[in-house]
Enquirer: 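Supplied in structure tokens, the structure appears directly below.
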Amino acid sequence: MKLLEDIYYTLLNEYGYQKWWPLKDGKEPFLEISLGAILTQNTSWKNVEKALENLIKENLISFEKLENIPEELLHQIIKPAGFYKRKSKTIKEFVKKTKNIDRKKIDRDFLLSIKGIGKETADSILLYALEKPVFVVDAYTKRIFSRVGILEKNADYDEVQIVFEKNLPKDVNLFKEYHALIVEHGKRFCRKKPLCENCPLKDLCQKNI
DNA sequence: AGCCAGGCCAAGC
DNA sequence: GCTTGGCATGGC
């Protein structure tokens, strides 16, 4: 489907490369990216950054440190990202399970077995932290592409993912950038109340709500 | 000053 | 099976 690529290049041209995920610490990229993926669940990146900065300040981007820190203390540190009790538990379990595993063995099912990690978080970790060609689907993806006319309104996660993976070159960098651009577009124009007037996808969009 | 964010899970129909 | 409520902070 050429439309998917047309939309990609339109968004890229409009917004430029998004540079996800910018590492702030960089000592343990796999861990740092995974933490960001967990912390950003239903949470704005602004708030996630504060939590990440706290973690870095405490030198906590470390499997060992996170495994040993008392959970109540972790609560305080990641509090700005919200849902801190659940996220602390998830981080604890994630660290415990990934600490000594061969990263080649980390797949979707393995990640989904960790409580608090669902499909989107698992796929984000696979794509951004492990560089696997997995397309990440989120609420914006469904909203934008159902409005454009490519998806059913209530399309299920895995179906949506298949549409993108079947119709795009299986390219890690393309997948990374496309998802990031989708998020950007969702924030700027394709909001719940869409701003269709000046939308860069206006000409490609079936619905023009 | 309400609505929403780069979801997920468990409970309830 | 599908829908709903709870989780929590901070920005707009």
Side-chain angles (χ1 to χ4, degrees), chain A residues 7-8 11-12 15-24 29 31-55 57 71-94 97 108-130 132 134-147 151-161 164 172-195:
Chain A
I7 291 174
Y8 172 73
L11 294 177
L12 181 59
Y15 305 134
Y17 286 100
Q18 298 300 299
K19 296 164 187 153
W20 279 17
W21 248 275
L23 295 172
K24 294 187 173 280
L31 182 58
E32 188 177 340
I33 292 169
S34 300
L35 290 171
I38 292 167
L39 290 170
T40 198
Q41 291 168 355
N42 204 41
T43 302
S44 66
W45 188 253
K46 258 274 184 283
N47 289 359
V48 175
E49 279 186 321
K50 292 179 183 168
L52 281 175
E53 276 163 26
N54 289 345
L55 287 166
K57 194 166 28 171
E71 213 161 305
E72 308 74 51
L73 187 49
L74 190 53
H75 287 173
Q76 298 311 117
I77 291 167
I78 68 166
K79 188 167 290 211
F83 304 117
Y84 56 86
K85 291 181 188 168
R86 170 183 302 245
K87 287 173 180 174
S88 289
K89 275 204 169 55
T90 303
I91 288 170
K92 281 285 194 183
E93 194 184 340
F94 176 84
K97 286 197 171 175
R108 201 179 198 229
D109 285 336
F110 173 84
L111 292 169
L112 289 176
S113 75
I114 297 168
K115 196 192 290 184
I117 294 187
K119 291 176 181 176
E120 185 183 340
T121 308
D123 289 341
S124 296
I125 292 171
L126 292 173
L127 177 62
Y128 290 98
L130 293 171
K132 304 205 180 205
V134 170
F135 201 90
V136 176
V137 175
D138 69 341
Y140 289 127
T141 313
K142 293 182 187 175
R143 184 199 294 164
I144 293 169
F145 290 87
S146 64
R147 282 177 177 163
L151 299 175
E152 303 292 325
K153 204 156 195 176
N154 292 323
D156 145 271
Y157 187 104
D158 294 312
E159 296 172 17
V160 176
Q161 186 174 54
F164 283 85
V172 169
N173 289 315
L174 169 66
F175 285 7
K176 284 184 180 179
E177 201 54 39
Y178 207 158
H179 174 64
L181 287 166
I182 285 169
V183 172
E184 190 61 23
H185 184 62
K187 288 196 243 193
R188 295 214 206 178
F189 291 97
C190 213
R191 308 177 178 178
K192 286 207 166 161
K193 285 187 61 168
L195 307 173

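Quick caveat: nothing in here was measured; it's all calculated off a predicted structure.
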Enquirer: When you compare C/dA8 with B/dG2, how far apart are their C1' atoms, in angstrom units rounded to a whole number?
Expert: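 Straight-line distance between the two C1' atoms is 16 Å.
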
Enquirer: Does the side chain of A/K50 reach to within under 4.5 Å of the side chain of A/K79, using non-hydrogen atoms?
Expert: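 Side chain of A/K50 against side chain of A/K79, heavy atoms only: no contact under 4.5 Å found.
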
Enquirer: Specify the separation, in whole Å, of atom CZ of A/R143 and atom P of B/dA5.
Expert: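 So the two atoms are 6 Å apart, to the nearest Å.
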
Enquirer: Taking atom C1' in both C/dC2 and B/dG6, compute the distance separating them and give it to the nearest angstrom.
Expert: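 Approximately 25 Å lies between the C1' atom of C/dC2 and that of B/dG6.
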
Enquirer: Classify the ring geometry of A/H179 against A/W20: parallel below 30°, tilted from 30° to 60°, perpendicular beyond 60°.
Expert: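 Answer is perpendicular, since the angle exceeds 60°.
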
Enquirer: Taking atom P of B/dA5 as reference, at what distance in whole Å does atom CD1 of A/I38 sit?
Expert: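 Checked: the CD1 to P distance equals 21 Å.
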
Enquirer: Mind calculating the distance between CZ (A/R191) and P (B/dG6) to the nearest angstrom?
Expert: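 Going from CZ in A/R191 over to P in B/dG6 covers 12 Å.
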
Enquirer: As a test of reading the structure: which of B/dG6, C/dA8, B/dA10 is closest to the side chain of A/S44, going by heavy atoms?
Expert: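 Nucleotide nearest to A/S44's side chain: B/dG6.
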
Enquirer: Would you mind reading off the distance between A/I144 atom CD1 and B/dG6 atom C1', rounded to a whole angstrom?
Expert: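 The distance from CD1 of A/I144 to C1' of B/dG6 comes to 12 Å, rounded to the nearest Å.
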
Enquirer: Quick one: which of C/dG11, B/dG6, C/dA8 gets closest to the side chain of A/K50?
Expert: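 It is C/dG11.
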
Enquirer: Roughly how far apart, to the nearest Å, are C/dG6 and B/dC3 at atom P?
Expert: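 The same atom, P, in both gives a distance of 16 Å.
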
Enquirer: Can you measure A/I117 atom CD1 to B/dA10 atom P for me and round it to whole angstrom units?
Expert: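 Nearest whole value for this atom pair: 14 Å.
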
Enquirer: Using the salt bridge (charged side-chain N to carboxylate O under 4.0 Å, His left out) rule, take A/E93 and A/K115 through it: C-alpha gap first, then chi angles, then the decisive distance, then the call.
Expert: CA-CA 8 Å; A/E93 194 184 340; A/K115 196 192 290 184; over 6 Å; no

Enquirer: Would you mind telling me which of B/dG7, B/dC4, B/dG6 lies closest to the side-chain atoms of A/K192?
Expert: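 That would be B/dC4.
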
Enquirer: Given that A/N42 and A/K46 both sit by DNA chain C, which one's nearest nucleotide is further toward the 5' end?
Expert: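 Looking at the nearest nucleotide for each, A/N42 comes out on the 5' side.
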
Enquirer: Could you please name the partner base of C/dG1, counting Watson-Crick and G-U wobble pairs only when both distances are under 3.5 Å?
Expert: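 Its partner is B/dC13 (Watson-Crick or G-U wobble, both distances under 3.5 Å).
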
Enquirer: With a non-hydrogen cut-off below 4.0 angstrom, is A/Y84 in contact with a base, only sugar-phosphate, or nothing?
Expert: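 The answer is sugar-phosphate, as A/Y84 gets under 4.0 Å only of primed atoms, P, OP1 or OP2.
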
Enquirer: Please work out whether the ring planes of A/H185 and A/Y15 are parallel, tilted or perpendicular, with thresholds of 30° and 60°.
Expert: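 Tilted, since the angle between the ring planes falls between 30° and 60°.
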
Enquirer: Under 5.5 Å between ring centres and under 30° between planes: does that hold for A/Y140 against the base of B/dA5?
Expert: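 So A/Y140 does not count as stacking on the base.
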
Enquirer: Over how many whole Å does the gap from A/D138 atom CG to B/dA5 atom C1' extend?
Expert: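 Checked: the CG to C1' distance equals 11 Å.
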
Enquirer: Expressed as a whole number of angstroms, how long is the span from A/K85:NZ to C/dG6:C1'?
Expert: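 In whole Å, C/dG6 C1' lies 12 Å from A/K85 NZ.
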
Enquirer: Is it the case that atom CD in A/E53 sees more than 12 heavy atoms from other parts of the structure closer than 6.0 Å?
Expert: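 Enclosed: over 12 neighbouring heavy atoms sit under 6.0 Å from CD of A/E53.
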
Enquirer: Between A/A122 and A/N47, which has a closest nucleotide on DNA chain B that is more 5'?
Expert: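 In this pair, the answer is A/N47.
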
Enquirer: Taking only side-chain N and O atoms of A/T121, does any of them lie within less than 4.0 angstrom of OP1 or OP2 on B/dG6?
Expert: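 Checking B/dG6 against A/T121, no side-chain N or O comes under 4.0 Å of OP1 or OP2.
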
Enquirer: Would you say C/dA8 has OP1 or OP2 under 4.0 Å from some side-chain N or O of A/K79?
Expert: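 Looking at the OP1 and OP2 atoms of C/dA8, neither is under 4.0 Å from any side-chain N or O of A/K79.
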
Enquirer: Taking pairing as Watson-Crick or G-U wobble with both contacts under 3.5 Å, can you name the mate of B/dA5, or confirm there isn't one?
Expert: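 Paired with C/dT9.
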
Enquirer: Of all the nucleotides listed (B/dC8, B/dA10, C/dG10), which has the minimum atom distance to the side chain of A/P80?
Expert: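 Among B/dC8, B/dA10, C/dG10, the one nearest the side chain of A/P80 is C/dG10.
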
Enquirer: Determine whether A/P194 and A/F189 make a side-chain contact, defined as any pair of heavy atoms from C-beta on separated by less than 4.5 Å.
Expert: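 Of all side-chain heavy-atom pairs linking A/F189 with A/P194, none is under 4.5 Å.
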
Enquirer: Identify which nucleotide among C/dA8, B/dC9, B/dG6 has an atom closest to any side-chain atom of A/R86, counting heavy atoms from C-beta outward.
Expert: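 Nucleotide nearest to A/R86's side chain: B/dC9.
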
Enquirer: Roughly, in whole Å, what's the span from CD in A/Q76 to P in C/dA8?
Expert: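 That distance rounds to 12 Å.
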
